[in-house]
Amino acid sequence: MKLEKLVGDRFKERPADCQVDSHALMIRGGYMKNVANGIYSSYMPLRRITRKIEQIIREEMDAIDGQEVQFPVVMPASLWQESGRYDSIGKELLRFTDRNGAQMVLGMTHEEAAVQLVREYGQSYAKYPFMIYQIQTKFRDEARPRAGLIRVREFTMKDAYSFHTSQEDLEQYYDKCHKAYERIYARAGIPEVVSVKSDSGMMGGSVSHEYMLLTPVGEDTIAYCSDCDYRANMEAAASITENKKDGDDEELKLVETPNIHTIEDICTFLGTPLEKSCKAVVYQQNSDDKFVVVFIRGDLDVNETKLTNYLCENIHPGVITEECGLKAGFIGPCNLSGDFRVVYDSSLKGTNNLSCGANKEGYHYTGLCMERDVPDAEYVDVAKITAGGICPNCGKHTIKISRGIEVGNIFQLGTKYTKSMNMTYLDKDGNAQYPIMGCYGIGVGRLAASVCEAHHDEYGPIWPMSIAPWQVHLCCLRSDDENAKSFADSLYKDLQNDGVEVIYDDRNVRPGVMFSDADLLGVPVRVIVSPRNMAENVCEVVTRDKSVSKKVPVSEVKETVEQMVRDMLKKYIVTQD
């Protein structure tokens, strides 16, 4: 490929609306162009990268007996009504009516389509287990697309669905997929990706993991232990507290606290630490606006995902009015009356001598003892884990918090979809059973952007050889020099004939422009042909990561470059266990 023919402009300035480096570099480098909010067109360099990622994914899915299929982008709403998700999912699912008046949806995920495809096929236990997968365009109407390809509305994704006759068989296959994903990320150039326990969210199921690239620009928050292998998404991480009684139980005493509403202010007023307080956080259920009052230790925050899962209800922050019966700033667990759902976080279990609201304007209690004063309380973990908190795995105060980009996820779905969509098979005894499902997803564009985010410098991406748009970038300086141009043309032809992927720049431009474009394209190996080099009978061979820079005799350039390509590709060969 000659660079002068490459569609797409490259430019020096960072776009003002690009929040993260990968977004800025891929816009500057002519990889993609914005069409609408969260929707992009791809130029050739990005398509070459994503095709290589897709091939890696296909090879790994085929290696664990996956069968590639293709589901439709547009589906009838009736499929989603069967599963119950047509009404339970919000505006992320794009709904529309076709010209015949039929309700339709744009696929944001394809569990329903997978079940519909195989429910007639899978009517006998003898057909199981099996896995189908696709690489397909999807549309999710994200409220806040950001960071280029990291969070978009239209995207390409690999999603796979496995079907099993036992939980044990699902777990064994789940482990195979878990390892296959590790190989995919290693082959794509980001072996540092880690798997973390996660919340299943709208997907359903009881067990799920996300694969995270730890980076400050990530949208997700990860809790991990510095002493063991515990890792979990903040939404799913268990919050463990050391609940100890503070000496003898004090008397529950009413204290006047005029014009003091926040937990911080009351603790300052009383001269007590936040952890010796019980605060109230108020929500309302989306379905009926019923109030939910959460009592939690004063130094902790509510994990709304945990609370939603516990309530089996979507929630929003409560709007407290005079008529509702709650006294904003003075809500406490003693003498609370009204038609509320009340939740007690585990951080309060067995604690005493706390301050709390008195459900009376201008007053708080001190000396709250949960066992004595709220004897019927039932406790559940709805708190966010904190840095320095207790690791749920090893029990040490070694929890650290990091940001991360989710580059894949896997779920044990159980029978959520097969049962709701009436997919059954006959077991050995002739009894009807529901198949058990697993689900496994990777966003192709997001993975490409994540690799760029992990491997770049101020000048451009540093693509791994396994997914780079080209393997070699050939630069001919002074193409008006007959000797340099003749050798560069010959080298270009010879490398291509040997199967090396080459982008060739023989434009009549300044070296600074040529090298700037080469940096933005991020090709691993660069060969520089110039009149000065020709006078020395050498070529400069450098790597994009600057680890290699050497002059090679012209008679050895082709063999040297081809060996470098082979050696760099070997780094991304990952064998199955």
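Numbering starts at 1 and runs along the sequence shown.
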SB check [X] [Y] (cutoff 4.0 Å):
| X | Y | result |
| --- | --- | --- |
| R119 | E82 | yes |
| K306 | E235 | no |
| R85 | E112 | yes |
| E111 | K416 | no |
| K253 | E251 | no |
| D301 | K384 | no |
| E219 | R146 | yes |
| K349 | E371 | no |

Close side-chain approach of [X] and [Y], heavy atoms under 4.5 Å:
| X | Y | value |
| --- | --- | --- |
| Y417 | M437 | yes |
| I39 | N34 | no |
| L149 | M32 | yes |
| F340 | L326 | yes |
| C391 | Y224 | no |
| K245 | T351 | no |
| I190 | H455 | yes |
| R153 | R140 | no |

Check the pair D265, T268 against side-chain hydrogen bond (donor to acceptor under 3.5 Å, both in side chains), reporting the backbone distance first and the verdict last.
-> CA-CA 5 Å; D265 288 345; T268 299; 5.3 Å; no

Quick one: [atom1] on [X] to [atom2] on [Y], what's the gap to the nearest 0.5 Å?
| X | Y | atom1 | atom2 | value |
| --- | --- | --- | --- | --- |
| H23 | C452 | NE2 | SG | 11.0 Å |
| L447 | I57 | CG | CD1 | 6.5 Å |
| Y173 | L170 | OH | CG | 10.5 Å |
| L270 | I266 | CG | CD1 | 4.0 Å |
| I405 | D220 | CD1 | CG | 9.5 Å |
| H397 | I240 | NE2 | CD1 | 10.0 Å |

Testing the 3.5 Å rule here: is there a donor-acceptor pair between the side chains of [X] and [Y]?
| X | Y | value |
| --- | --- | --- |
| S22 | H456 | no |
| Y174 | H209 | yes |
| E304 | Y283 | yes |
| E313 | S287 | yes |
| E323 | T321 | yes |
| S277 | E275 | no |
| E210 | N409 | no |
| Q172 | D175 | no |
| Y440 | S162 | yes |
| T257 | H364 | yes |
| R403 | T215 | no |

Can you sort out the partners of [X] under salt bridge (Lys or Arg N to Asp or Glu O under 4.0 Å), two or more places apart, ordered by chain and number?
| X | answer |
| --- | --- |
| D227 | K396 |
| K138 | D159 |
| R297 | D299 |
| D339 | K290 |

side-chain contact (heavy atoms from CB on, under 4.5 Å) assessment of L336 paired with V342 = CA-CA 10 Å; L336 177 66; V342 181; 4.0 Å; yes

Closer than 3.5 angstrom, by distance alone: can the side chain of [X] be matched with the main-chain N or O of [Y] as a donor-acceptor pair?
| X | Y | result |
| --- | --- | --- |
| D345 | V382 | yes |
| D381 | A383 | yes |
| K279 | L300 | yes |
| N353 | E250 | yes |
| Q136 | F71 | yes |
| Q284 | D289 | yes |
| T418 | P435 | yes |
| R231 | S195 | yes |
| R144 | E142 | no |
| N359 | G332 | yes |

Given the side-chain rings of H110 and Y161, with only the six-membered ring counted for Trp, is the space between their centroids under 6.0 Å?
-> no

Identified side chain to side chain contact (heavy atoms under 4.5 Å, CB included) partner of Y365 from the options D373, N335, L354 | N335

For residues [X] and [Y], report the shortest heavy-atom separation together with the two atoms involved.
| X | Y | result |
| --- | --- | --- |
| Y31 | P461 | OH-CG, 3.7 Å |
| S208 | F411 | CB-CD2, 3.4 Å |
| S226 | K400 | CB-CE, 3.5 Å |
| I442 | V407 | CG2-O, 3.7 Å |

Given side-chain contact (heavy atoms from CB on, under 4.5 Å), test V115 with L79 step by step and report yes or no.
-> CA-CA 9 Å; V115 171; L79 281 183; over 6 Å; no

R446 NZ/CZ over F155 ring centroid, <6.0 Å and within 45° of normal = no

Please say whether the positively charged group of K360, taken as NZ for Lys or CZ for Arg, lies over the ring of Y363, i.e. under 6.0 angstrom from the six-membered ring centre and within 45 degrees of the axis.
-> yes

In chain order, what residues pass the side-chain hydrogen bond (donor to acceptor under 3.5 Å, both in side chains) check against Y185, with sequence neighbours excluded?
-> none

With sequence neighbours left out, the residues meeting side-chain hydrogen bond (donor to acceptor under 3.5 Å, both in side chains) with D169 are H164

